[in-house]
Amino acid sequence: MGGPSLCAYNGALFKEGIPLPLPGQSTTAAETRREAGTQAQVDIFGEGMADFWRSGPEESRHIDRWLAANCFGDYCTRTGPDLRQRELIAFRFLAAQGGCEPQPKSHIAATLRLGTGQRALTAAPSTTLPYIGYPAA
């Protein structure tokens, strides 16, 4: 997001006395991101994810490696929100995106596994209802 949104975010941070630019939040390096991402997947979804990055047909296996390294290694390992919070956010984004119905279901299970209560999980799509519509919520 850029333009007016970025200016609004920066203005809000400035108003709160938060100096910009924000410090980096990465905790991985190019050499460790896939391994750290795989560990994050295991922490979130369980031991069945330990070798997920090696699974699937050879011609699309690179996508599972990218998923482990990028989505989980680059982002889920950053400082800031914990895994439970990140999973709740992922669930909201996936529900809003639509067309990827198996993914929200797996993230719902992960969110519950990480300790999110049923009430908070039910409230999550309610907060995005104006953007995702009633059927998705």
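Computation of the quantities below employed the complete heavy-atom set of this structure, encompassing side-chain atoms and omitting hydrogens, waters and symmetry-equivalent molecules. Numbers for residues simply follow the sequence, beginning at 1.
- The cluster map of Ile, Leu, Val, Met, Phe, Trp and Tyr, joined by side-chain heavy atoms under 4.5 Å apart, puts Tyr75 and Phe91 in different clusters.
- Residues Phe52 and Ile44 share a single hydrophobic cluster, defined by chaining ILVMFWY side chains whose heavy atoms lie under 4.5 Å apart.
- Taking a cutoff of 4.0 Å between a charged side-chain nitrogen and a carboxylate oxygen, Glu87 and Arg84 do not qualify as a salt bridge.
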*Evaluate side chain to side chain contact (heavy atoms under 4.5 Å, CB included) for Thr38 paired with Phe72, printing each intermediate quantity in order.*
CA-CA 7 Å; Thr38 296; Phe72 291 92; over 6 Å; no

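- Expressed to the nearest 0.5 Å, how far CZ of Phe14 lies from SG of Cys7 amounts to 13.5 Å.
- Environment of CD in Glu47: sparse, with no more than 12 heavy atoms of neighbouring residues, nucleotides or ligands closer than 6.0 Å.
- A cation-pi arrangement is present between Arg34 and Trp53 under the rule of less than 6.0 angstrom and at most 45 degrees off the ring axis.
- For Phe45 against Ala110, the heavy-atom pair with the smallest separation is CE2-CB, 3.5 Å.
- One distance of note links CD1 of Ile108 with CD of Gln103; it measures 11.5 Å at 0.5 Å rounding.
- The ring of His107 has its center no closer than 6.0 angstrom to the ring center of Phe93.
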*How far apart are the C-alpha atoms of Arg78 and Thr27, what are their side-chain angles, what is the distance that settles it, and do they pass the side chain to side chain contact (heavy atoms under 4.5 Å, CB included) test?*
CA-CA 6 Å; Arg78 289 181 180 184; Thr27 63; 5.7 Å; no

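- Nearest heavy atoms, Leu94 versus Pro104: CB-CG, 3.8 Å.
- When atom types are taken as modelled, the side chain of Thr32 and the backbone of Thr28 share no donor-acceptor pair closer than 3.5 angstrom.
- Remark: Ile18 CD1 to Asn10 CG distance equals 10.5 Å, nearest 0.5 Å.
- Checked by atom type and distance alone, the side chain of Asp51 never pairs as donor or acceptor with a backbone atom of Arg54 at under 3.5 Å.
- Scored by the salt bridge (Lys or Arg N to Asp or Glu O under 4.0 Å) test, Arg113 finds no partners at all (sequence neighbours excluded).
- Of all non-hydrogen atoms in Ala124 and Leu88, the two that sit nearest each other are CB-CD1, 3.9 Å.
- The two residues Ala120 and Thr116 make their nearest non-hydrogen contact at CB-CG2, 3.8 Å.
- Taking each heavy atom of Cys76 and Leu83 in turn, the nearest pair found is O-CD2, 3.7 Å.
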*Would you sort out whether Leu13 and Leu22 count as a side chain to side chain contact (heavy atoms under 4.5 Å, CB included), showing the intermediate values?*
CA-CA 10 Å; Leu13 292 172; Leu22 297 173; 4.3 Å; yes

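- For the pair Arg33 (side chain) and Asp74 (backbone), a donor-acceptor distance under 3.5 Å is absent.
- Closest heavy-atom contact between Pro81 and Arg86: O-NE, 3.0 Å.
- Side chain of Glu101 to backbone of Gly99: a donor-acceptor contact under 3.5 angstrom is found.
- At least one side-chain heavy atom of Gln118 sits under 4.5 Å from a side-chain heavy atom of Leu112.
- Taken to the nearest 0.5 Å, the OG1 atom of Thr111 stands 11.0 Å off from the CD atom of Gln85.
- Glu16 is linked by a side-chain hydrogen bond (donor to acceptor under 3.5 Å, both in side chains) to nothing, counting only residues two or more places apart in sequence or in another chain.
- For the atom pair Cys100 SG and Lys105 NZ, the distance stands at 11.5 Å (nearest 0.5 Å).
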